[in-house]
Amino acid sequence: MLQTELDFISKYYQSYLAGMGTTLLLSLIGIVGGTLLGLFITGLKLSKKKVFRTFGNVYVEIIRGTPLMVQLLLIYFGLKAYLQDTNAFLTNSIFLCSLAIIVNEAAYNAELIRGGILSVPRGQTEAARCLGLTQKQTMRYIVLPQAVKTILPSLGNEFVALIKETAIVVMVGIPDIIYKANAIKAATYQPIRPMIYAAVCYFVLTFTLSKVMKRVERSMAND
């Protein structure tokens, strides 16, 4: 039995590694892009101007209130049909899936970032302004450095969850872990074993990332 498993692994490990690479790439782009766009949405939600706050709130409510699958299909097929005669990069499948994931992730990250910023005591902002710092300087040098310690653990959890959620891209034919497992399932006529190894791949990614994030958190707590 052990020899059978070793034969299976030695034959298909490259397919699983390729799938893990695609999954990790989409997750990394999603968390980085989603955090940057989420920071912008947070700025809108905390703006003193009502029109900006309204736009930020509407964005978050709509994105969080609709499934990622629907957003992926709308962005993937919508933009692919609309941009089919233009730049090939803009119609690249990985780009379109990354865009859908970023749009979705930004709504959740915006709330995490907003919560982190609001957790900084208001007195520190007032003290910084009394010392002559501008609003931007106060945010950059006083508020954000403290907020990051609050936000980072939640962003780490979001990253771990995103690795699993990206499995949805198999619906549009992106060769991630599930896509590779399905291909192996079709080639071997074995419905269970390829999926068990797909689960192992996800576990390796999420467990490793969780350990890295805990180490980073301990490092920041000791600063």
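Sequential numbering from 1 along the given sequence is applied to the chain's residues. Hydrogens, waters and symmetry mates are skipped; everything else that's a heavy atom, side chains included, is used.
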Exercise. With a 4.5 Å heavy-atom cut-off, do K185 and R193 have their side chains touching?
Worked result: no

Seminar exercise, completed: Taken to the nearest 0.5 Å, the spacing of C97 SG from L72 CG works out to 5.0 Å

Exercise. Are Y16 and Y12 an aromatic pair by the rule of ring centers under 6.0 Å?
Worked result: no

Problem set entry | M213/F159 under side chain to side chain contact (heavy atoms under 4.5 Å, CB included): CA gap, chis, key distance, verdict | CA-CA 10 Å; M213 290 308 303; F159 193 5; 5.6 Å; no

Exercise. Distance-only, no hydrogens or angles: does the E61 side chain make a donor-acceptor pair with backbone N or O of V58 under 3.5 Å?
Worked result: no

Exercise. When rounded to the nearest 0.5 angstrom, what is the spacing between CD1 in I196 and CD in Q190?
Worked result: 10.0 Å

Problem set entry | I178 with I9, same ILVMFWY side-chain cluster at under 4.5 Å | yes

Exercise. Is R114 close to I117 at the side-chain level, that is, under 4.5 Å between some pair of heavy atoms?
Worked result: no

For this session: Please say whether more than 12 non-hydrogen atoms of neighbouring residues, nucleotides or ligands are located less than 6.0 Å from CZ in F95.
Result: yes

Exercise. Does L46 offer a backbone N or O that forms a donor-acceptor pair with the side chain of R53 under 3.5 Å?
Worked result: no

Exercise. Would you call E217-K214 a salt bridge at under 4.0 Å N-O?
Worked result: no

Problem set entry | Evaluation steps, side chain to side chain contact (heavy atoms under 4.5 Å, CB included), between L2 and L6 | CA-CA 6 Å; L2 178 61; L6 290 175; 4.2 Å; yes

Exercise. Hey, do the aromatic rings of Y13 and Y197 have their centres closer than 6.0 Å?
Worked result: no

Problem set entry | Separation of I101 CD1 from I94 CD1 (nearest 0.5 Å) | 9.0 Å

Exercise. Do V172 and L73 come close enough that some side-chain heavy atom pair is under 4.5 Å?
Worked result: yes

For this session: Kindly give the heavy-atom pair with the smallest separation between G56 and L44, and that separation in Å.
Result: CA-CB, 4.2 Å

For this session: For residues T150 and L112, determine if any side-chain heavy atom of one lies less than 4.5 Å from a side-chain heavy atom of the other.
Result: no

Problem set entry | Spatial distance of atom CD (E126) from atom CG (L131) [nearest 0.5 Å] | 12.0 Å

For this session: Kindly say whether I184 contributes a backbone atom to a donor-acceptor pair with the side chain of T188 at under 3.5 angstrom?
Result: yes

Exercise. Nearest 0.5 Å, what's the CG-CG distance between L96 and L79?
Worked result: 6.0 Å

Exercise. Quick one: are I177 and T22 in side-chain contact, heavy atoms under 4.5 Å?
Worked result: no

Exercise. In terms of heavy-atom contacts, does CZ of R140 have more than 12 from other residues, nucleotides or ligands at under 6.0 Å?
Worked result: no

For this session: Tell me, yes or no, whether the heavy-atom count around I192 atom CD1, taken from other residues, nucleotides or ligands under 6.0 Å, exceeds 12.
Result: no

Problem set entry | Donor-acceptor under 3.5 Å (S119 side chain, G116 main chain) | yes

For this session: Search all heavy atoms of N109 against all heavy atoms of G34 and return the closest pair with its distance.
Result: ND2-C, 3.5 Å

Exercise. Under 3.5 Å, side chain of Q71 to main-chain N/O of I63, donor-acceptor pair present?
Worked result: yes

Problem set entry | T42 side chain vs I113 backbone, donor-acceptor pair below 3.5 Å | no

Exercise. Will you find, in the side chains of Q3 and D7, an N or O donor that is under 3.5 Å from an N or O acceptor?
Worked result: yes

Problem set entry | Close side-chain approach of N182 to M195, heavy-atom, < 4.5 Å | yes

Seminar exercise, completed: Minimal heavy-atom distance between A167 and D176, with the atoms involved, is CA-OD2, 3.4 Å

For this session: Check step by step if side chain to side chain contact (heavy atoms under 4.5 Å, CB included) holds for Q124 and V143.
Result: CA-CA 8 Å; Q124 295 194 24; V143 176; over 6 Å; no

For this session: Would you name the heavy atoms of L162 and S27 that are closest together and state the gap between them?
Result: CD2-O, 3.4 Å

Exercise. With hydrophobic residues grouped by side-chain heavy-atom distances under 4.5 Å, do I62 and L37 end up in a single group?
Worked result: no

Problem set entry | Nearest atoms (heavy-atom pairs only) where S15 meets K180 | O-CG, 3.3 Å

Problem set entry | Backbone of I142 reached by a side-chain donor or acceptor of Q146 within 3.5 Å | yes

Seminar exercise, completed: Here the pair of heavy atoms bringing T206 nearest to F203 is OG1-O, 3.2 Å

Seminar exercise, completed: d(M20 CE, T23 OG1) to nearest 0.5 Å is 8.5 Å

Exercise. In terms of hydrophobic clusters joined by side-chain contacts under 4.5 Å, are Y76 and Y82 together?
Worked result: yes

For this session: Identify whether L28 and Y202 are in the same connected component of the hydrophobic contact network (ILVMFWY, side-chain heavy atoms under 4.5 Å).
Result: yes

Exercise. Are Y108 and V103 connected in a single hydrophobic cluster, I mean Ile/Leu/Val/Met/Phe/Trp/Tyr linked by side-chain heavy atoms less than 4.5 Å apart?
Worked result: no

For this session: State, yes or no, whether a side-chain contact exists between S154 and E158 at a heavy-atom distance under 4.5 Å.
Result: no

